[in-house]
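Written out below as structure tokens is the structure these notes cover.
Not measured: the values here are computed from a predicted model. Chain A is the first sequence line, chain B the second, and so forth, proteins listed ahead of strands; every chain is numbered from 1. FYI, side chains are in, hydrogens and waters are out, and symmetry mates aren't considered; it's all heavy atoms of this structure.
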Amino acid sequence: MSATDRLRSKLAEAAEALGASGAEVQLERPRNAEHGDWATNLALTLAGRLKKPPRSIAEELVGRLDLTGAGVRTAEVAGPGFINFRLTGAAVESLLERILAAGAAFGRSEAGTDEPMMVEWVSANPTGPLHFGHGRQAALGDAICALLEWTGWSVHREFYYNDSGKQMELLARSVWARYQQLLGDAAEVPEGGYHGEYVLDVAERFREAEGDAYRGDDSDVVLDAMRRFAVAMLRAEQDRDLTDFRVRFDEHFLESSLYSEGRVDATIRGLKETGLTYEHEGALWLRTTEFGDQKDRVMVRSNGLPTYFLPDVAYHLSKWERGFRHAINVQGSDHHGTVPRVHAGLRALGLPEGYPEYVLHQMVRLERGGQEVKISKRAGGYTTLRELYEIVGVDVARYFFLMRKPEAHLVFDLDEALDQSDKNPVYKIQYAHARMMSIFRKAGAPAEQPGDGAAPLARLDTEAERELIKQLARFPEVVQRAAADRAPHVVCDYLEETAGAANSWYHAGNPSRSPELAVLVDDPELREARLALARGVRIVLRNGLRLLGLSAPDRMEREEQE
RNA sequence: GCGCCCGUAGCUCAGCUGGAUAGAGCGCUUGCCUCCGGAGCAAGAGGUCAGAGGUUCGAAUCCUCUCGGGCGCACCA
């Protein structure tokens with residue numbers, strides 16, 4: 001039982017003594033440090049029930065509280081009836097001890113049950129290189145997976161892609177046109193086709209592999225060969241781009257397999273059996289309005305071909321059938337219209353409401369000097385993900401994509417991203433980590449020392465040090481909240497705050513200012529205690545950076561800018 | 001027209017299940033340090049939380065409406 005749980009149950013006991021049994025006790029961390037370390041609004045919530053002014057209830061509660069063993073030094077009534085608690089010195093020290101003992105595992109929680117969780121994201125079609133907007137999704141999905149793993153889920157990472165259909169047809173015809181052009185023949189990239197430079201690359205490589213034999217031949221066999229060649233090549237490129245962006249998948253799921261394995265037909269049969277389908281003007285419809293959709297949807301067109309709705313349902317059903325009782329889809333909000341349809345199709349088949357869960361994110365706008373950027377070499381109409389991270393670096397790109405909540409629009413500011421000072425939040429955090437490492441180097445002390453908890457932590461008695469310890473101790477709950485909300489930006493905000501607190505703690509001990517506040521003071525005991533705190537800082541920053549998929553460098557090497 | 005998301009400081013954005021004086025970074029102002037017009041440290045100014053009602057002890061947060069922005073509304077994927 002943690003100290004806060006003890007405090008909570010003691011408050012519940014006190015409330016019961018006042019005649020309010022079964023009261024729910026909320027403990028929160030006040031934003032304002034003057035309000036102590038923990039606070040409860042219990043008296044305010046009981047005011048209606050007990051028909052007494054909140055402040056007098058608060059006084060009575062405090063009078064009846066037995067604080068022994070709760071790690072609390074003072075309990076005082078404040079404001080309209082809050083009760084504020086302050087931790088004892090020993091309680092603060094034990095927070096740091098716990099961080100040092102947990103080390104690289106600090107922030108992970110045992111709460112999870114190791115249940116399987118399917119996360120699907122990126123899912124770009126293999127019709128060209130990933131563009132920078134995919135970066136947001138790539139980073140977001142990956143960070144959500146990491147958060148889930150840190151909180152005890154067993155995560156399966158999946159990438160779904162469409163390898164058949166009209167877009168593939170257009171891709172094949174685009175390659176075909178470029179191939180004919182290479183051979184000196186006039187040919188046009190079809191309307192709605194792909195114009196990027198990469199299509200020419202595909203055509204050239206195809207020609208290298210297959211020679212000139214297909215000149216003027218646009219038979220299905222040739223187009224099919226070009227399609228397969230292009231898909232293989234472009235998929236390989238996407239894989240490279242993602243791998244270099246530190247994003248990996250356990251499985252790539254092909255839409256075509258849904259047909260070849262009969263899953264689409266099985267889904268049609270299953271839906272028909274529900275009695276929720278009907279024929280209208282030669283097409284087969286599903287009553288998705290039964291489940292809250294705005295209108296019914298066509299499953300099979302009058303020409304006998306399924307709409308995309310059907311494989312979508314079949315695909316998500318396959319997740320359930322593969323044993324995933326929990327599934328998250330990360331998608332751009334431009335596709336949010338499909339959500340009620342898929343949900344409706346799956347509910348018709350008996351799956352629970354809200355399966356799968358969706359994380360929808362808004363679009364990204366790339367800016368430089370306040371203007372939208374449209375640099376593009378390889379893809380024609382857009383900046384590729386690789387172009388972006390080759391300019392700003394993978395760490396910066398990932399962090400910038402993660403630092404805003406998914407449902408908000410994201411302005412990716414290249415000027416800020418290219419700044420290598422502390423103004424750039426990524427460098428600010430990494431610098432703070434590197435500073436701690438440089439202290440260890442200077443002290444000739446190891447960065448990790450298992451017996452650290454035995455350091456005389458009571459010597460850490462300045463207000464700044466106490467606050468820093470409490471800030472570090474929050475990390476696990478930050479991870480849990482970020483995981484529960486599927487919101488990696490919460491971790492970004494926390495790391496930036498923590499780095500700021502660590503930086504000012506460090507700078508306060510600058511020799512030109514207050515040398516007695518430096519980590520490496522002469523007093524050996526104090527020095528030992530401060531080194532332990534520096535290790536705690538380092539643990540939290542490193543764990544947080546790794547969680548987000550960023551490096552935690554031992555030293556920063558600032559690139560000289562001309 | 002209907003649906004979803006968003007509207008918080010000059011800019012980019014936080015604000016957990018409604019809680020105490022609405023926060024951060026950038027930019028700006030003022031000091032300090034310094035080998036410079038670069039970088040660092042400290043402090044400060046800056047808000048009708050888009051607007052109007054409502055719910056309640058208490059609303060940026062919940063409900064309704066209005067205004068503004070984005071996206072989606074096919075027998076296209």
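- No aromatic stack links A/His489 and the base of B/A14, using centre distance under 5.5 Å and interplanar angle under 30°.
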Stepwise side chain to side chain contact (heavy atoms under 4.5 Å, CB included) test for A/Arg435 and A/His507: CA-CA 10 Å; A/Arg435 271 187 194 113; A/His507 286 301; 4.0 Å; yes

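- The base of B/G19 sits within donor-acceptor range of the side chain of A/Asn41, with an N or O pair under 3.5 Å.
- In this pair, A/Phe82 does not lay its aromatic ring on the base of B/G19; centres under 5.5 Å and planes under 30 degrees do not both hold.
- Taking every side-chain heavy atom of A/Asp334 into account, B/C71 is the closest of B/C75, B/C71, B/C13.
- Aromatic ring centroids of A/His343 and A/Tyr358 lie under 6.0 Å apart.
- Among the nucleotides B/C57, B/A14, B/G72, the one closest to the side chain of A/His336 is B/G72.
- The listed nucleotides are B/G27, B/A77, B/C75; the one nearest the side chain of A/Tyr308 is B/A77.
- In this structure, A/Lys295 reaches the B/C75 phosphate: one of its side-chain N or O atoms is under 4.0 Å from OP1 or OP2.
- Side-chain N/O atoms of A/Thr462 and A/Glu465 include a donor and acceptor closer than 3.5 Å.
- Straight-line distance from the NE2 atom of A/His343 to the P atom of B/C4: 15 Å, rounded to whole Å.
- Side chain of A/Gln362, nearest nucleotide from B/C5, B/A20, B/A77: B/C5.
- Look at NE2 on A/His361: it is 13 Å from P on B/G72, rounded to the nearest Å.
- Comparing B/A59 with B/G19, their C1' atoms are spaced 10 Å from each other, to the whole Å.
- A salt bridge links A/Glu372 with A/Arg365: the closest approach of a Lys/Arg side-chain nitrogen to an acidic carboxylate oxygen falls below 4.0 angstrom.
- At least one side-chain nitrogen or oxygen of A/His507 sits closer than 4.0 Å to the OP1 or OP2 atom of B/C41.
- A cation-pi arrangement is present between A/Arg29 and A/Trp38, with the terminal nitrogen or guanidinium carbon under 6.0 Å from the aromatic centre and inside a 45° cone about the axis.
- Taking atom C1' in both B/C11 and B/U55, one finds a spacing of 36 Å when rounded to whole Å.
- Pairing partner, B/G1: B/C73, with both Watson-Crick or wobble hydrogen-bond distances short of 3.5 Å.
- For A/Ser421, taking side-chain heavy atoms from C-beta onward, the closest of the listed nucleotides B/C13, B/G40, B/G72 is B/G40.
- Of the two residues contacting RNA chain B, namely A/Ser333 and A/Glu367, the nearest-nucleotide position lying further toward the 5' end is that of A/Glu367.
- The backbone N or O of A/Ala434 sits nowhere less than 3.5 Å from a side-chain atom of A/Arg555 that would complete a donor-acceptor pair.
- The A/Lys423 side chain lies nearest to B/G40 when the options are B/A20, B/C13, B/G40.
- Computed from coordinates, the A/Leu171 CG to B/A77 P distance equals 17 Å when rounded to whole Å.
- The A/Gln294 side chain lies nearest to B/C2 when the options are B/G19, B/C75, B/C2.
- Checking A/Gly79 against A/Ser302, the closest nucleotide of RNA chain B that is more toward the 5' end is the one next to A/Gly79.
- In this structure, A/Arg404 atom CZ and B/C11 atom P are separated by 14 Å, rounded to whole Å.
- Of all nucleotides listed (B/A20, B/C41, B/C57), B/C41 comes nearest to the side chain of A/Asp422.
- A straight line from NZ of A/Lys166 to P of B/C75 spans 14 Å, rounded to a whole angstrom.
- With A/His134 contributing its side chain and A/Val122 its backbone, the two residues share no donor-acceptor pair below 3.5 Å.
- With a cut-off of 3.5 Å on both pairing distances, B/U21 has no Watson-Crick or G-U wobble partner at all.
- Between A/Glu60 and A/Lys52 a salt bridge is recorded (basic side-chain N to carboxylate O distance below 4.0 Å).
- Taking the P atoms as reference points, B/G25 lies 10 Å from B/A42, given to the whole Å.
- Only the C1' atoms considered, B/A45 is 16 Å distant from B/C26, to the nearest whole Å.
- Summarising the geometry, the separation between CZ on A/Phe401 and C1' on B/C13 is reported as 17 Å, rounded to the nearest angstrom.
- Base pairing of B/U34: no nucleotide in any strand meets the Watson-Crick or G-U wobble criterion (both distances under 3.5 Å).
- Here B/C6 presents its C1' atom at 14 Å from CG of A/Leu410, a figure rounded to the nearest Å.
- In terms of polar N and O atoms assigned as donor or acceptor, the side chain of A/Glu281 comes within less than 3.5 Å of the base of B/C75 in a complementary pairing.
- Shown here, B/U56 forms no base pair; nothing in the strands shown gives a Watson-Crick or G-U wobble contact with both key distances under 3.5 Å.
- Residue side chain A/His335 does not reach the base of B/G72 through any donor-acceptor N/O pair under 3.5 Å, judged by distance alone.
- Using the Watson-Crick or G-U wobble rule with both distances under 3.5 Å, B/G7 pairs with B/C67.
- Between A/Lys405 and B/G15, a side-chain N or O to OP1/OP2 separation shorter than 4.0 Å is present.
- One N or O donor and one acceptor, one from the side chain of A/Asn84 and one from the base of B/A20, sit under 3.5 Å apart.
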